[in-house]
Amino acid sequence: MIKLKRINTSHEYYPFVEELMQTAFPIQERRNADLQREYTDNKPHFHTLVILYKNLPIGLLTIWDLESFHYIEHFAIHEKFRNKGYGQKVIKLITNEIKGMIVLEAEEPSDDITNRRIKFYQRQGFILQNVPYQQPPYRSEDNWFPMKLMSIHEKDFPDQYEKIKSKIYKEAYNLCDTSKGDI
């Protein structure tokens, strides 16, 4: 049985989550470890979750509760547990528990891996949104990165796009000027 458990940095599974974050995501797709720990412990609307199967940590999920929607920032299953259906079970669990809109970023479909990732989310009910979007850099020396947004549980996404983008930029990326993300 899959369970999600919110943790902080003093939890016994936090080292697993931190290591998985660093191995599953390239440096330009994540905060530095100190800032990630700060967010985990001190941002009440930011949730760091460990994914458990039979009380064994198998993955991580970071998600923001941004009032009118939830934003999945990071989601990874440890490589030893991939391709066993756990990712699908986690997404189903989340989408069943969260009744409002859920948004996530996905790399633009450009190769087999990015196409498979988008198709995975589409099988779970997410819709690939046709809106201009760029992921802000996590570090000042990095560049903005073209991405796509996907959403579930919301038919009026285009009408709310600017508000969604501004909220993600402000909360997750700590930006005040959100106009830079326009393409």
Side-chain angles (χ1 to χ4, degrees), residues 2-66 70-91 93-94 98 102-121 124 126 133-150 167-175 181:
I2 293 286
K3 292 192 299 188
L4 303 175
K5 180 173 182 58
R6 185 175 184 184
I7 62 172
N8 60 29
T9 58
S10 64
H11 192 278
E12 66 178 311
Y13 291 141
Y14 193 79
F16 167 85
V17 167
E18 188 169 77
E19 183 179 334
L20 181 56
M21 177 75 75
Q22 292 173 5
T23 58
F25 298 96
I27 194 166
Q28 66 271 18
E29 292 182 17
R30 58 182 161 83
R31 295 177 189 84
N32 71 48
D34 289 338
L35 188 55
Q36 188 72 21
R37 288 184 210 114
E38 174 72 23
Y39 276 36
T40 295
D41 287 342
N42 298 308
K43 293 236 179 218
H45 51 285
F46 178 74
H47 305 273
T48 297
L49 306 168
V50 63
I51 301 166
L52 301 169
Y53 177 70
K54 296 183 179 178
N55 292 319
L56 177 70
I58 65 165
L60 72 86
L61 179 79
T62 61
I63 189 166
W64 292 82
D65 181 350
L66 298 175
H70 284 77
Y71 164 59
I72 295 175
E73 186 173 19
H74 293 101
F75 172 49
I77 301 294
H78 191 281
E79 64 184 345
K80 292 192 298 189
F81 301 100
R82 290 183 191 148
N83 300 314
K84 297 180 184 337
Y86 297 128
Q88 180 180 353
K89 290 176 184 174
V90 170
I91 295 298
L93 181 65
I94 297 237
I98 298 173
I102 304 170
V103 175
L104 58 84
E105 297 169 336
E107 291 178 60
E108 291 193 5
S110 60
D111 59 25
D112 186 50
I113 292 171
T114 55
N115 279 310
R116 283 189 315 182
R117 192 172 296 132
I118 286 173
K119 288 185 186 321
F120 165 79
Y121 286 114
Q124 312 319 309
F126 280 83
Y133 182 80
Q134 291 196 57
Q135 180 189 57
Y138 281 101
R139 292 164 181 72
S140 60
E141 64 271 13
D142 290 337
N143 295 317
W144 290 73
F145 191 72
M147 298 283 269
K148 289 293 189 184
L149 290 178
M150 299 186 78
K167 195 77 164 170
I168 291 171
Y169 283 4
K170 180 180 178 196
E171 298 298 331
Y173 296 99
N174 220 13
L175 295 177

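Positions are given from 1 along the sequence.
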- Task: Kindly indicate whether the side chain of Tyr121, heavy atoms from C-beta on, has any atom under 4.5 Å from the side chain of Ile72.
- Result: no
- Item | side-chain contact (heavy atoms from CB on, under 4.5 Å) against Ile98, all qualifying residues, sequence neighbours excluded | Ile63, His70, Ile94, Ile102
- Go through the structure and list residues passing salt bridge (Lys or Arg N to Asp or Glu O under 4.0 Å) with Arg31, not counting sequence neighbours. Glu73
- Do Leu104 and Phe75 come within less than 4.5 Å of each other through their side chains, counting heavy atoms only? no
- Going from NZ on Lys148 to CD on Glu105, what distance comes out if it is rounded to the nearest 0.5 angstrom? 13.0 Å
- Query: Looking only at heavy atoms, what is the nearest atom pair of Pro137 and Tyr173, with distance?
  - Reply: O-CD2, 4.4 Å
- Contacts satisfying side-chain hydrogen bond (donor to acceptor under 3.5 Å, both in side chains) that involve residues 13-26 (not counting sequence neighbours) are Glu18-Arg37
- Query: For Asn143, what residues pass the side-chain contact (heavy atoms from CB on, under 4.5 Å) criterion, not counting sequence neighbours?
  - Reply: none
- Note on the structure: Looking only at heavy atoms, the pair that brings Tyr71 and Ala172 closest together is CE2-CB, 3.7 Å
- Would you say the side chain of Glu107 lies within less than 4.5 Å of the side chain of Met147, judging by non-hydrogen atoms? yes
- Message: Side chains of Ile58 and Ile2, heavy atoms from C-beta outward: is any pair under 4.5 Å?
- Response: yes
- Item | All salt bridge (Lys or Arg N to Asp or Glu O under 4.0 Å) counterparts of Glu29, not counting sequence neighbours | none
- Item | Lys170 side, atom NZ; Ile168 side, atom CD1 - distance, nearest 0.5 Å | 13.5 Å
- Note on the structure: Scanning both residues in full, the closest heavy-atom pair of Gln134 with Pro146 reads CG-CA, 4.1 Å
- Mind checking what makes side chain to side chain donor-acceptor pair (under 3.5 Å) contact with His47, not counting sequence neighbours? Arg6
- Item | Ala76: partners by side-chain contact (heavy atoms from CB on, under 4.5 Å), with sequence neighbours left out | Leu20, Ala24, Phe25, Leu60
- Query: Considering residues at least two apart in sequence or located in another chain, which fulfil the ring-ring contact (aromatic ring centres under 6.0 Å, His included) criterion with Phe46?
  - Reply: Tyr39, Trp64
- Kindly compute the distance separating CG (Leu52) from CG (Leu4), expressed to the nearest 0.5 Å. 8.0 Å
- At their closest point, which heavy atom of Thr9 faces which heavy atom of Thr40, and how far apart are they? N-CG2, 4.0 Å
- Any salt bridge (Lys or Arg N to Asp or Glu O under 4.0 Å) involving residues 40-62? Give me the pairs, sequence neighbours left out, ordered by first then second residue. none
- Message: Rounded at 0.5 Å granularity, tell me how far CG in Asn55 sits from NZ in Lys5.
- Response: 9.5 Å
Report all side-chain donor-acceptor pairs from residues 79-90 shorter than 3.5 Å, counting only partners two or more places apart or in another chain.
{"from": "Arg82", "atom 1": "NE", "to": "Ile77", "atom 2": "O", "distance (Å)": "2.6"}
{"from": "Arg82", "atom 1": "NH2", "to": "Ile77", "atom 2": "O", "distance (Å)": "3.1"}

- Residue set satisfying side-chain contact (heavy atoms from CB on, under 4.5 Å) with Asp111, at least two apart, ordered chain then number -> Ile113, Thr114
- Message: Which residues pass the side chain to side chain donor-acceptor pair (under 3.5 Å) test with Ser110, not counting sequence neighbours?
- Response: none
- Item | Value rounded to 0.5 Å, distance of CG in Leu93 from CD1 in Ile51 | 9.5 Å
